[in-house]
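Letters A, B, ... mirror the listed sequences (proteins, then strands); counts begin at 1.
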Amino acid sequence: NAGVTQTPKFQVLKTGQSMTLQCAQDMNHNSMYWYRQDPGMGLRLIYYSASEGTTDKGEVPNGYNVSRLNKREFSLRLESAAPSQTSVYFCASSGRDSRGVKNIQYFGAGTRLSVL
Amino acid sequence: DAKTTQPNSMESNEEEPVHLPCNHSTISGTDYIHWYRQLPSQGPEYVIHGLTSNVNNRMASLAIAEDRKSSTLILHRATLRDAAVYYCILNTNAGKSTFGDGTTLTVKP
């Protein structure tokens, strides 16, 4: 039971380089999320997708783009990486229970990104 | 978005109960209270959630105030493996949840 899978686990970029962080879930969840966590801080929401084909900005969307490719996959792209984007990135997904209440979030193991 | 307030850090002795408080004075009627914890170098994991009534599961108990403006996560017997950052969030059906910085729990042997 894989749950939420993120790739890569580690990445080092130079300022100005681009890259895409991949996330896939196998729990048939509608909602998916991207968070960043800076050292010693809590999680901040970057983007959110309520369902396939929809995305919405979170607290800190600047410098990022997302694609909800299908129900399983939600990718995060850095077009021109900056040192301020050095962080740990977590992907999460959640479904709804039988009453339609949004359910708990399941998190991936994270991607540790350093931008030099 | 409705926010929560938690103490930055708390300490406990091993095998003693721990009560982790959370204030959420702007909670709305349909918001569920969720607790997650994050062990070092891992992603957050779900602990427990509730709406109005107190809840128990194998990991912890959740006590919710009658006015729902605060809640307390109770670890009945803290172990060294419970040392983590604990997050209290409001789970809204609008989709966005704000995590905040959480409470860092230190468990002393």
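- No path of Ile, Leu, Val, Met, Phe, Trp and Tyr side chains, each step under 4.5 Å between heavy atoms, connects A/Y106 with A/L76, placing them in separate hydrophobic clusters.
- Shown here is A/Y47, whose OH atom has more than 12 heavy atoms of other residues, nucleotides or ligands within 6.0 Å.
- By the neighbour-count criterion of 12 heavy atoms within 6.0 Å, atom CG of A/N70 is densely surrounded, having more than that number from other residues, nucleotides or ligands.
- Considering all non-hydrogen atoms of both residues, A/F90 and B/Q42 come closest at CZ-O, 3.7 Å.
- Grouping the Ile, Leu, Val, Met, Phe, Trp and Tyr side chains by contacts below 4.5 angstrom, directly or via other members, places A/M19 with A/W34.
- Of the atoms belonging to B/S41, heavy atoms from both backbone and side chain fall under 4.5 Å from chain A.
- Residue A/R44: no heavy atom, backbone or side chain, is found under 4.5 Å from chain B.
- Separation of atoms CZ (A/F107) and CD (B/Q38) is listed at 8.0 Å; rounding is to 0.5 Å.
- The two residues B/D101 and A/G42 come nearest to each other via the heavy atoms OD1-N, 3.0 Å.
- In this structure, chain B has no heavy atom under 4.5 Å from any part of A/Q6.
- Shown here for A/I104 and B/H34, the closest heavy-atom pair between the two residues is CG2-CE1, 3.6 Å.
- Around atom CZ of B/R77, no more than 12 heavy atoms belonging to other residues, nucleotides or ligands sit under 6.0 Å away.
- Partner of A/Y35 under the ring-ring contact (aromatic ring centres under 6.0 Å, His included) criterion, out of B/F99, B/Y87, B/Y36: B/F99 alone.
- Under the 4.5 Å side-chain contact rule for hydrophobic residues, A/L113 and A/V60 share a cluster.
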